[in-house]
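Nothing fancy with the numbering, it's 1 onward along the sequence. Whatever order the structure lists ligands and atoms in, that order sets their numbers, starting from 1.
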Amino acid sequence: MSIYGEYLPALKDVMGRIVEKIESFNAYYQKEYGEPLYEHLNYRIKSEDSMLEKLQRKKLEPTTYNALVTLKDAIGLRIVTTFVDDVFEVVRLIKDLEFVHVVEEKDYISHAKENGYRSYHMIIQVTSPQKDILGHQPGSFYVEIQIRTIAMDSWAALEHQMSYKKDIKNRELISSELKRVADELASCDLSMQTIRDLINRS
Ligand code: 0O2
């Protein structure tokens with residue numbers, strides 16, 4: 001049986017509802033302002049293998065409770081914007097949703113990680129008509145949302161490749177180059193934002 005057990009349909013339902021809302025924001029921005037709020041949106045329910053691997057890595061029992069409550073990223077969304085300001089606009093809109101309660105926020109954009117990683121992370125709780133693992137109905141389910149710019153996203157993908165290679169040569173050199181590029185990309189993101197503001201004001 002799946003690690004998500006009988007809750008898999010509820011996870012799919014919750015993911016569908018939040019995705020639909022976010023897509024409707026994008027359609028609204030496109031219609032109202034002539035440009036979308038974000039460039040693309042990815043979403044997934046973490047595969048059973050990845051969830052089991054993560055539980056093992058965190059030394060947690062492979063129970064449905066640990067998969068859904070202790071770890072809070074069974075449902076994951078990634079929203080990728082063109083401009084930095086739009087990251088914070090997406091955050092604001094998500095916080096305003098009436099069926100969403102924000103549990104945790106990590107602003108790795110204002111405070112980048114030491115390796116150069118930048119992204120805005122939110123853990124939210126979404127209410128659902130379906131029963132949750134604590135027996136509540138309506139229930140609530142956790143969703144992890146990562147929001148970042150295209151530049152931050154390409155960087156994270158490259159850095160992720162390195163972290164998965166076991167016997168990589170020149171790891172130190174590559175890490176310091178990645179850090180340098182992360183800072184350059186952050187500077188380009190700021191310049192892009194400034195140019196966009198200048199265009200919009202003129
Ligand atoms: P996976 O397989 O991607 O889910 P958590 O590990 O989630 O319990 P943590 O690490 O405190 O708790 O959460 P954080 O910092 O919000 O990171 C969550 C996710 O963000 C990570 O998931 C990565 O996907 C991504 N992330 C965080 N730091 C980095 C980084 O330095 N580089 C890259 N490329 N991605 C990062 P997991 O848990 O690693 O696994």
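The heavy atom nearest to atom 2 (O) of ligand 1, out of those in Glu114, Lys46, Met122, Glu105, is found in Lys46. In this comparison of Tyr120, Tyr164, Tyr117, Trp155, the heavy atom closest to atom 36 (C) of ligand 1 sits on Tyr117. Summarising the contacts of atom 17 (O) of ligand 1 with His121, Arg118, Arg148, the nearest heavy atom is found in His121. Of the options Lys106, Lys113, Glu159, the smallest heavy-atom separation from atom 32 (N) of ligand 1 is shown by Glu159.
Contact atoms of ligand 1 toward Ala156: 34 (N) (distance under 4.0 Å to a heavy atom of the residue). Here is the list of ligand 1 atoms found below 4.0 Å of a heavy atom in Asp73: 4 (O).
Look at Lys72 and you'll find every heavy atom at least 4.0 Å from all atoms of ligand 1. Using a non-hydrogen distance threshold of 4.0 Å, Lys58 registers as a contact of ligand 1.
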(message) Under the criterion side chain to side chain contact (heavy atoms under 4.5 Å, CB included), I'd like the reasoning laid out for Arg78 against Asp153: C-alpha separation, chi angles, the key distance, then a yes or no.
(response) CA-CA 9 Å; Arg78 183 172 299 141; Asp153 193 50; 3.4 Å; yes

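Arg118 and Asp189 are not joined by a salt bridge, as no carboxylate oxygen comes within less than 4.0 angstrom of a charged side-chain nitrogen.
In summary, of the residues considered (His121, Lys54, Gln146), a side chain to side chain contact (heavy atoms under 4.5 Å, CB included) with Asp73 occurs for Lys54 alone.
Ring to ring, Tyr120 and Phe88 are close: their centroids are under 6.0 angstrom apart.
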